[in-house]
Protein chains: 2
Amino acid sequence: MFPHSVNPNVSVDCVIFSFNNHELEVLLIERSAGNTDKVDEVKALPGNLIYEDETLNTAAGRVLTELTGLDNIYLEQVFTFGDPDRISKQHDQDWLRSIRAHPEARVITVAYTSLINKERHNLSPSSFARNAVWIKVKDVPQLGFDHNEILEKALSHLKQKIYIEPLGYELLPDRFTLAQLQKLYEAILDDNFDKRNFRRKILRSSFIIPLNEKQQGVAHKPAGLYRFDKSQFHRI
Amino acid sequence: MFPHSVNPNVSVDCVIFSFNNHELEVLLIERSAGNTDKVDEVKALPGNLIYEDETLNTAAGRVLTELTGLDNIYLEQVFTFGDPDRISKQHDQDWLRSIRAHPEARVITVAYTSLINKERHNLSPSSFARNAVWIKVKDVPQLGFDHNEILEKALSHLKQKIYIEPLGYELLPDRFTLAQLQKLYEAILDDNFDKRNFRRKILRSSFIIPLNEKQQGVAHKPAGLYRFDKSQFHRI
DNA sequence: AAACTTAGTGTAATTATTACACAAACCCAA
DNA sequence: TTGGGTTTGTGTAATAATTACACTAAGTTT
């Protein structure tokens, strides 16, 4: 491996969502300061400066892997944040000084997002990520830099997208019930739907295929199981 | 005025659309090389490096003004392009060498877009824009850098947006006919609609207010005039 | 066997979408 | 002044989508 040269002015940040059958969660890291074992109590989105010789998309994937261990995740660009003061809060600067060659350099960041099923991926934080944790979107505290704003933008991007693409095939188990799917839509859109209308509409869409199986071992009438038919749509 | 320091790694590009009552047009500049009066025959979107102390949005407005004279245009971010090779074509490099301190530096560009009525704005190209011209979107030639790709992305952004926001209040005259409005929608969406259905739908929307006036001096039945009611919606 | 819990279903009213054709209003030219 | 040219403006029927709404069925637990 040759060493890569770093672009001091451009970073990527990743907003990775998951679903715990109830609520949306987002992946955050706990920053550790330099070589010390001191954990910075402020959480942040996984992100870092790009290399000079990689695309933004590649950078997002690499940085996500380096910080959290998540590998081979499909990432989609959301928005770019470039306020000149976005990294200049004192606390953020203190932290940057411990890890960056030019902590004072202006950094524009390109946000990427993805949806994953956290059961299918293991986290193994490293680099300056002392820890990587799933936090309920509704419980997200004040984050470093402008990361709350980035999260908000990724969320509204997600809300828009769910009308276009049948999201969720990544967020749910392979076989799922329509109640689970409905809860997912409700979590993303922060709304509630009528069960009958939701079912009618979603089954009309041909992405969701009924299986001849039922839930087992639940203390009530078992629900039928469904799966996504990925062949019915294509990423652009 | 103090001199501004330039960020060598980040630029903005502006995709400005207008409408000639028939087709969509986009604003391009003809690049002039350095101090020479030689016109680079390749056209490009108006764009340039950002200053260290301005936001991306501010940079987009400033650059647009500097290159084309368009002032005070509402600009909206579209997408960010960061391919490591996006400015390395020989011809683009030749031109960059004539105007940039570090022509070889990697540049990530943030694209912005707007819709304007070209009748209401004057072009006065300056800086390295030898000329600024409106080109029909369907006639756009091969542009410098990755600007064809950027234009495509801005166009699809526009198509998406027209479903959400009642665009067009900027693109049409203050008073317009429903046929003009329909042609605008058809130009943007590259589609054709049934006149009766279009009218019914658009009039249902409450943004479009009938006036008690008719076209004058046309050699056929004069059409009724309408205006937009801007109070009926708000930019986010 | 009764209580508990969630699944699964139908209908009527309203609204939106699609497809389709002809008379009315104005100008112009003969 | 009349007829031709051109674009405007309008209605309806068929189909599809949306909304609102409540009870029985199928399991488990006690």
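Per chain, numbering begins at 1; letters A, B, ... match sequence-line order.
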Interatomic distance, B:K201 NZ vs D:dG9 C1' [rounded to whole Å]: 20 Å

Would you kindly say whether B:E66 and B:N48 are connected by a side-chain donor-acceptor distance under 3.5 Å? no

Donor-acceptor pairs are to be reported for all side-chain atoms of residues 193-202 of chain A against protein atoms at under 3.5 Å, with residues two or more places apart or in another chain.
{"unit_1": "A:D194", "atom_1": "OD2", "unit_2": "A:R196", "atom_2": "N", "d": "3.1"}
{"unit_1": "A:D194", "atom_1": "OD2", "unit_2": "A:N197", "atom_2": "N", "d": "2.9"}
{"unit_1": "A:N197", "atom_1": "OD1", "unit_2": "A:R200", "atom_2": "NH2", "d": "2.7"}

Salt bridge (Lys or Arg N to Asp or Glu O under 4.0 Å), that's the test. Do A:K138 and A:D190 meet it? Break it down for me. CA-CA 11 Å; A:K138 301 226 153 148; A:D190 199 13; 3.0 Å; yes

What residues from residues 184-199 of chain B pass a heavy-atom cutoff of under 4.0 Å to DNA chain C? B:D194, B:R196, B:N197

Less than 6.0 Å separating the ring centroids of A:F176 and A:F228? yes

Let me see the working for A:T109 and A:D13 under side chain to side chain donor-acceptor pair (under 3.5 Å), right down to the final yes or no. CA-CA 7 Å; A:T109 201; A:D13 283 297; 2.7 Å; yes

I need the CD-P distance between B:Q180 and D:dG9, as an integer number of Å. 12 Å

Excluding sequence neighbours, so at least two apart, what forms side-chain hydrogen bond (donor to acceptor under 3.5 Å, both in side chains) with B:E186? B:Q182

Count the heavy atoms of every other residue, nucleotide or ligand shown that sit under 6.0 Å from NE2 of A:H220, and state whether that count exceeds 12. yes

Pair B:E170, B:N117: side-chain N/O donor-acceptor within cut-off below 3.5 Å: no

When rounded to the nearest 0.5 angstrom, what distance separates CZ in A:F81 from CD in B:Q77? 7.5 Å

Mind calculating the distance between CZ (A:R204) and C1' (D:dA16) to the nearest angstrom? 8 Å

What residues 171-179 of chain B contributes to the DNA chain C interface at heavy-atom separation below 4.0 Å is none

Rounded to whole Å, please give me the gap between CZ in A:R200 and P in D:dA20. 12 Å

Value in whole Å for how far the P atom of D:dG9 lies from CD of B:Q182: 12 Å

Closest to the B:A223 side chain: D:dT18, C:dA19, D:dG9? D:dG9

Considering only residues two or more places apart or on different chains, which pairs with a residue in residues 207-218 of chain A satisfy side chain to side chain donor-acceptor pair (under 3.5 Å)? A:R175-A:E213

To the nearest angstrom, how far is A:L203 atom CG from C:dG10 atom C1'? 15 Å

Would you tabulate the nitrogen or oxygen pairs shorter than 3.5 Å linking the protein to nucleotides 25-30 of chain C?
{"unit_1": "C:dA25", "atom_1": "N3", "unit_2": "B:K221", "atom_2": "N", "d": "3.1"}

Distance (rounded to the nearest 0.5 Å) between B:Y169 OH and B:L184 CG: 12.0 Å

